[in-house]
Amino acid sequence: MNFTDIIGLFAGTCVTLSVIPQILKVWKTKKVKAISLKTFSILTFGLLVWIIYGILKNDLPIIITNSVSLTLNLIMVYFIIYYEKE
């Protein structure tokens, strides 16, 4: 692993971790009224495209960090849809 990969993993980790506080807050409060499903849907689609890009470039840091981010954002989308009904 070279220095560029380490920087990529660090940047991706920061972005990935940024959604965790929002997920925890929604999980605890079950309130999603102020959260935009459209925004998280676009972000989720963008992450999928980043993963495809990473695969095409054979760039492991992009693939790994965006795959974890995609999973976390799919959890958030699920919470928004599920708790919006309540």
Side-chain angles (χ1 to χ4, degrees):
M1 184 174 301
N2 60 38
F3 183 70
T4 304
D5 288 341
I6 292 169
I7 294 296
L9 283 170
F10 179 71
T13 300
C14 290
V15 171
T16 299
L17 295 176
S18 69
V19 75
I20 292 175
Q22 188 69 63
I23 291 172
L24 292 174
K25 183 176 182 179
V26 168
W27 187 34
K28 289 177 184 176
T29 66
K30 312 221 183 325
K31 295 180 182 175
V32 294
K33 187 176 181 179
I35 301 172
S36 171
L37 176 59
K38 188 183 291 187
T39 298
F40 271 93
S41 297
I42 294 168
L43 177 58
T44 301
F45 178 74
L47 290 166
L48 179 61
V49 176
W50 269 112
I51 294 167
I52 293 167
Y53 174 77
I55 291 169
L56 294 173
K57 300 270 299 177
N58 198 28
D59 191 321
L60 205 51
I62 290 175
I63 296 167
I64 292 170
T65 57
N66 285 291
S67 294
V68 174
S69 289
L70 177 65
T71 302
L72 292 172
N73 278 278
L74 284 171
I75 291 169
M76 191 64 197
V77 168
Y78 169 79
F79 279 168
I80 293 169
I81 293 168
Y82 182 80
Y83 291 130
E84 201 171 60
K85 296 176 189 174
E86 294 182 3

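The residues of the chain are indexed from 1 along the displayed sequence.
Separation of atoms CD1 (I51) and CG (L56) is listed at 12.0 Å; rounding is to 0.5 Å. Note that NZ of K38 and CG of L43 are 15.0 Å apart. Values are rounded to the nearest 0.5 Å. If you take CZ on F79 and OG1 on T29, they are separated by 10.0 Å, rounding to the nearest 0.5 Å. The line from CG of D59 to CG of D5 is 6.5 Å long, rounded to the nearest 0.5 Å. Taking NZ of K30 as the reference point, atom OH of Y82 lies at 8.5 Å (rounded to 0.5 Å).
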Could you go through residues 9-20 and list every donor-acceptor pair under 3.5 Å that involves a side-chain atom there, pairing it with any protein atom two or more places apart or in another chain?
unit_1 : atom_1 : unit_2 : atom_2 : d
T13    : OG1    : L9     : O      : 2.6
T16    : OG1    : G12    : O      : 2.7
T16    : OG1    : T65    : O      : 3.2
T16    : OG1    : S69    : OG     : 2.7
S18    : OG     : V15    : O      : 2.6

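With sequence neighbours excluded, the residues that form a side chain to side chain contact (heavy atoms under 4.5 Å, CB included) with T4 are N2. For T39, the side-chain hydrogen bond (donor to acceptor under 3.5 Å, both in side chains) partners at least two apart in sequence or on another chain are S36. In this structure, the side chain to side chain contact (heavy atoms under 4.5 Å, CB included) partners of Y53, at least two apart in sequence or on a different chain, are W50, K57, I62. For the side chain to side chain contact (heavy atoms under 4.5 Å, CB included) test, residues two or more places apart in sequence or in another chain that qualify with I63 are I55, S67. Applying the side chain to side chain contact (heavy atoms under 4.5 Å, CB included) rule to L37 yields the partners S41, V77, I80, I81; only residues at least two apart in sequence or on another chain are considered.
Pairing each heavy atom of G8 with each of P61, the nearest pair is C-CB, 4.1 Å.
Under the 4.5 Å side-chain heavy-atom criterion for grouping Ile, Leu, Val, Met, Phe, Trp and Tyr, V32 is not connected to I42 through any hydrophobic cluster. With hydrophobic clusters built from ILVMFWY side chains whose heavy atoms lie under 4.5 angstrom apart, L70 does not share a cluster with I64. L24 and M76 fall within a single hydrophobic cluster, where Ile, Leu, Val, Met, Phe, Trp and Tyr side chains are chained together by heavy-atom contacts under 4.5 Å.
The hydrophobic cluster around V49 extends to F45, counting ILVMFWY residues whose side-chain heavy atoms fall within less than 4.5 Å of a member.
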F40 vs Y78, side chain to side chain contact (heavy atoms under 4.5 Å, CB included): CA-CA, chis, key distance, verdict: CA-CA 10 Å; F40 271 93; Y78 169 79; over 6 Å; no

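You'll find the side chain of I6 reaches within 4.5 Å of the side chain of M1, heavy atoms only.
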